[in-house]
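Note that ligands are numbered from 1 as they come in the structure, with each ligand's atoms numbered from 1 the same way. None of these values were measured; they are calculated from a predicted model. Position 1 is the first residue of the sequence, and the numbers go up from there.
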Amino acid sequence: MTRVLMCPPDHYDLRYEINAWMHLENRPHLPLAARQWRMLYEQVQRLAQVELVSPAPECPDMVFTANAGLMVGEKAVLLSRFRHPERQPEEPHFRRWFEEHGYTVYTVPEDCPFEGEGDILWAGERYVAGYRKRTEICAHRVAAEYLGREVLSLELVDDRWYHLDTALFVLNERTVVYYPGAFDPYARRVIEEHFHTLYVIEEEAMRFACNSVVIGNTVLMPEGCPLVTGLLERKGYEVIPIPMSEFIKSGGACKCLVMFLER
Ligand code: ARG
């Protein structure tokens, strides 16, 4: 049974600007955000066991649990080391949750920013990882060592797609869905050489189509992405659209709100 980690949005808010989507004058409507989170939570719960970490009042972005870390073994996690000081206060809260739940917690070196599953995604035999915006390539090396797997490093080149999971998702071990404009030409070549690919157009990438959660045959996707939905449905996937407007204001959507603990 798939197991994931989520964080209730009790203290979610927009209190600083650390990516191209965040604007203090465009704060989320918090009751609506709570309803959107709940919708996602209920859908995930149908497909997986959901663990919850308690939100901390001083961490308005802690809902984005994909950035807590990356599972590197059955009961081992590589904890994130946030690039921005604004999110660093989340680290001890996530650490405590993992420790209390029996996980061994590993860390990356101090000068090596790493934002967890936001930037490294499981892709069957190997992992795909983004760098330059948040996570640095030094963290890919550390992750590869703990994982004992190949990690394909992909350079992100557009500030709107600042975490790998904003620009790419893994549909199955052989197939990724991605927005090419977020990657440098060499990264695109690496993706094309290793996977079957489905493309997302810019307009749908801007609605966070790539920030989808895949569990089995179901894809939980931010609403408003009809083209990629059609592609997936023709391949036999069930796509469930989820309204995510209030989280997109912070630069996140479905996948950012979910961290995989077990597949
Ligand atoms: N406001 C958060 C940040 O900028 C959003 C994080 C989104 N998470 C993700 N996995 N893409 O850090």
- prompt: When His101 is tested against each of Phe98, Tyr103, Trp97 for ring-ring contact (aromatic ring centres under 6.0 Å, His included), which residue passes?
  reply: Trp97
- prompt: For Leu227, which fellow cluster members are found when Ile, Leu, Val, Met, Phe, Trp and Tyr are connected by side-chain heavy-atom distances below 4.5 angstrom, either directly or through intermediates?
  reply: Ile201
- request: Answer yes or no: is there a donor N or O on one side and an acceptor on the other, between the side chain of Asn217 and the main chain of Gly236, under 3.5 Å?
  value: yes
field: Residues which pass side chain to side chain donor-acceptor pair (under 3.5 Å) with Gln88, listed by chain and number, not counting sequence neighbours
entry: none
field: Sorted by chain and number, the residues that approach ligand 1 to under 4.0 Å with a heavy atom
entry: Ile18, Asn19, Met22, Asp61, Phe64, Ala66, Asn67, Arg87, Gly118, Arg134, Tyr162, His163, Asp165, Thr166, Ser250, Gly251, Cys256
Taking distance alone, no hydrogens or angles, what donor-acceptor pairs closer than 3.5 Å link side-chain atoms of residues 244-263 to residues at least two apart or in another chain?
unit_1 : atom_1 : unit_2 : atom_2 : d
Ser245 : OG     : Gln36  : NE2    : 2.9
Glu246 : OE1    : His29  : N      : 2.8
Glu246 : OE1    : Lys249 : NZ     : 2.7
Ser250 : OG     : Tyr12  : OH     : 2.9
Lys255 : NZ     : Glu117 : OE1    : 2.7
Lys255 : NZ     : Val258 : O      : 2.7
Glu262 : OE1    : Arg3   : NE     : 2.8
Glu262 : OE1    : Arg3   : NH2    : 3.4

- request: Check whether any side-chain heavy atom of Thr135 lies under 4.5 Å from a side-chain heavy atom of Pro113, and answer yes or no.
  value: no
